[in-house]
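One structure below.
By convention here, the first residue in the shown sequence is residue 1. Atoms within each ligand, like the ligands themselves, are counted from 1 in listed order.
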Amino acid sequence: MRIQLKLLFLCSLAAVFATTLAAAPLRPTHAPHAIVASVHELSSRVGVEMMQSGGNAVDAAVATGFALAVVHPQAGNIGGGGFLLLRTATGETHFIDFREKAPAAATENMYLDAQGNVIPDLSVIGYKSIGVPGSVAGLVYAERKYGKLSLEKVIAPAIKLAREGFSLAYEDAEDLKDEDLSKFAGSRRIFQRDGHFYQTGEILKQPELARTLERIGKNPDDLYHGALARELAAAIQKGGGLVTIEDLAHYEVKEREPIRGSYRGYDIISAPPPSSGGIALVEILNILEGFDLAKLGNRSAAAIHLVSEAFRRAFYDRADFLGDPDFARIPVPQLIDKKYAAAWRDSIDPSHASVSKDLKRPPFNELERVAQLSPRTLHEPENTTHYSVVDPEGNAVAVTTTLNDSFGSRVTADGLGFLLNDEMDDFASKQGVPNAYGLIQGPANAIGPGKRPLSAMTPTIVLKDGKLFLVLGSPGGPTIITTVANVLMGVVDFGLDLQEAVNAPRFHHQWLPDQIRVEERLSPDTMNLLRSKGHKLDVRHYWGDGECIMIDPKTGDRLGASDGRNNGKAVGY
Ligand code: DON
């Protein structure tokens with residue numbers, strides 16, 4: 001993804017965009033029984049095979065997750081973390097938090113120099129940026145507790161893909177040329193053939209990863225309590241990282257209560273802290289419920305203005321209040337309260353942009369925090385991946401998982417063949433100074449030993465009349481939240497089919513920097529109208545990757561929408 005952005009300077013925008021559009025489906029994929037939507041056709045197929053051989057949506061999700069660690073090393077992972085939201089056909093919900101944790105030796109100022117300035121890249125590239133990975137613990141937990149098949153069965157396709165290899169698409173071959181990957185010998189050898197870069201259509205084999213996956217399949221606890229844990233901790237420490245064998249032994253998966261809300265009669269079930277996603281999504285929707293967006297029209301300047309003002313306010317609250325709920329008291333009830341949202345709504349001027357630094361929060365019952373914030377320059381990393389599954393019974397799973405940046409810390413665990421995350425950058429390295437995504441964060445998200453960094457990942461399930469309707473999610477750092485909101489509103493407010501809602505030009509506001517980010521496909525007239533309301537625009541090529549599912553209320557068909565901005569594919573039967 002990052003490489004794709006660089007390519008824009010080399011190729012004409014039009015040519016690149018034509019390629020992107022060519023891949024974009026215009027209608028959802030129909031499947032009468034079951035479906036998986038993920039960023040790679042092979043990982044979607046693996047999930048479908050599990051369901052065809054008697055597995056449920058969780059078996060499919062776990063198999064897809066392990067397969068993504070092979071076919072999508074940019075973000076699919078066993079060295080990172082994520083969230084899995086399950087809604088069973090009987091209506092039970094379970095939210096599995098397998099977010100990375102800060103190692104015990106982490107300290108609040110570990111990324112600051114002697115003058116108190118953030119040391120560039122230290123929290124993003126290399127061993128010091130690595131948090132204690134949770135993905136294997138999370139997938140294994142989900143499989144043991146909610147799956148029907150064995151771990152060996154669901155991990156087998158990933159082992160095969162790693163051992164026998166798979167053909168690289170153009171975008172993947174380009175991504176693998178990542179300059180920062182070259183800085184680490186293991187990554188350079190495995191993903192870049194020591195400088196003889198992979199070309200489109202070549203086969204990437206990962207025998208070390210195959211062996212590691214095989215070991216996990218036989219004894220999954222080994223990565224946290226056994227020989228694999230010792231090897232991993234030794235590899236990280238040799239490079240100067242902080243993760244120890246004790247950190248791995250103390251890693252815990254947590255089941256948490258999902259965030260719940262409602263929007264125009266639909267029920268929303270989404271990610272709780274340590275993700276900000278569910279709270280921000282519900283807050284945004286609560287603010288917008290009082291406006292007749294449908295009347296204003298899909299992607300009209302008037303609607304984009306109001307929605308962006310809601311985004312601005314929710315991200316302001318995110319910055320001040322959110323963090324790891326095991327360490328900070330998060331005022332969840334107030335943030336998702338409809339009356340609080342109504343008070344925020346009253347502060348929106350339909351004709352003029354608010355100014356982020358002048359926002360005045362409505363009366364707030366909980367401890368109010370005031371941030372002293374000043375944005376600085378940002379770099380633009382990318383990658384995380386979302387996938388959605390619905391099985392024949394109607395069990396639904398939404399998983400968003402990440403290494404944080406594309407290829408994470410760029411460090412491949414020596415001898416083990418898998419990439420490690422740079423999730424430590426999701427903490428506030430210094431309060432008031434933006435992280436890699438330009439996000440400003442408050443004291444609740446300061447670095448601390450054993451803490452989980454605040455996330456924006458927003459795996460979400462929407463019900464209509466109490467029945468499963470949408471399974472949603474995307475990568476994109478802070479834009480995850482607004483992408484999920486945009487797709488949801490596309491269906492609910494503007495009557496788009498799911499594929500149209502995924503395809504529609506995206507826009508995003510995150511309070512600071514004080515600007516609306518828009519995809520360049522938005523019409524120039526609309527952009528000018530937004531400017532005339534006082535908005536600064538940050539025009540980008542595209543972002544995100546909505547891999548989503550809708551259930552047709554009339555037929556029960558599973559409709560998969562994969563995002564043409566990427567190479568995803570919904571596969572069903
Ligand atoms: O957890 C988070 O919010 C980030 N680590 C996600 C990063 C991401 O989505 C990058 N993707 N494009």
Side-chain angles (χ1 to χ4, degrees), residues 1-5 39 68 72-77 79-85 97-102 123-125 129-131 133-135 138 171 175 178 270-281 315 318-319 322-324 378-387 398-410 419-429 434-441 445 451-460 472-484 506 508 510 517 519 540-547 563 565-566 568:
M1 192 75 102
R2 205 172 171 200
I3 304 281
Q4 279 176 11
L5 290 177
V39 68
L68 281 165
H72 190 59
Q74 295 94 321
N77 68 81
F83 303 121
L84 182 154
L85 174 61
D97 165 359
F98 53 97
R99 181 76 165 160
E100 297 90 332
K101 289 174 68 170
S123 63
V124 181
I125 295 167
S129 67
I130 302 170
S135 289
E171 291 79 3
D175 282 358
D178 182 281
S270 192
S275 177
S276 57
I279 291 177
L281 177 67
F315 273 86
R318 178 196 196 272
L322 298 190
D324 183 344
L378 327 168
H379 82 276
E380 198 40 50
E382 300 277 333
N383 249 311
T384 288
T385 194
H386 175 86
Y387 55 102
V399 183
T400 315
T401 180
T402 190
L403 292 165
N404 190 28
D405 271 308
S406 210
F407 306 108
S409 61
R410 316 304 204 279
L419 284 155
L420 290 155
N421 67 83
D422 64 325
E423 219 67 58
M424 292 297 285
D425 189 64
D426 274 349
F427 283 115
S429 290
N435 74 354
Y437 299 95
L439 284 170
I440 312 270
Q441 337 218 25
N445 192 32
K451 259 177 103 171
R452 286 156 144 91
L454 183 61
S455 173
M457 292 189 285
T458 314
T460 297
L472 306 176
S474 174
T479 68
I480 293 173
I481 299 169
T482 54
T483 295
V484 171
R506 291 184 181 142
H508 168 79
Q510 60 180 51
R517 191 192 289 191
E519 285 188 337
R540 302 284 181 100
H541 189 36
Y542 65 86
W543 64 84
D545 180 19
E547 298 294 327
D563 203 328
R565 294 169 183 79
N566 241 317

For this session: Determine, stepwise, if the pair Arg565 / Asp563 fulfils salt bridge (Lys or Arg N to Asp or Glu O under 4.0 Å).
Result: CA-CA 5 Å; Arg565 294 169 183 79; Asp563 203 328; 2.8 Å; yes
Seminar exercise, completed: Within the 4.0 Å heavy-atom cut-off, what Leu454 brings close to ligand 1 is neither
For this session: Over all heavy atoms of both residues, which pair between Thr460 and Ala398 is shortest? Give the atoms and the distance, please.
Result: N-CB, 4.1 Å
Seminar exercise, completed: Counting from 1 in the order shown, the ligand 1 atoms closer than 4.0 Å to a non-hydrogen atom of Met457 are 1 (O), 3 (O)
For this session: Check if Trp543 has a non-hydrogen atom at a distance under 4.0 Å from any atom of ligand 1.
Result: no
Seminar exercise, completed: Note: ligand 1 atoms sitting under 4.0 Å from heavy atoms of Ala456 are 1 (O), 2 (C), 3 (O)
Seminar exercise, completed: Result for salt bridge (charged side-chain N to carboxylate O under 4.0 Å, His left out) between Asp426 and one of Arg99, Lys101, Arg452 points to Arg99
Exercise. Between Asn404 and ligand 1, which residue portion shows a heavy-atom distance shorter than 4.0 Å: side chain, backbone, both, or neither?
Worked result: both
Exercise. Under 4.0 Å from ligand 1, counting heavy atoms only, is it the side chain of Glu100, its backbone, both or neither?
Worked result: neither
Exercise. Under 3.5 Å, side chain of Ser275 to main-chain N/O of Met457, donor-acceptor pair present?
Worked result: yes
Exercise. Checking Asp425 side chain against Ala436 main chain: does a donor-acceptor pair fall under 3.5 Å?
Worked result: yes
Problem set entry | Those atoms of ligand 1 less than 4.0 Å from some heavy atom in Tyr437 | 7 (C), 8 (C), 10 (C)
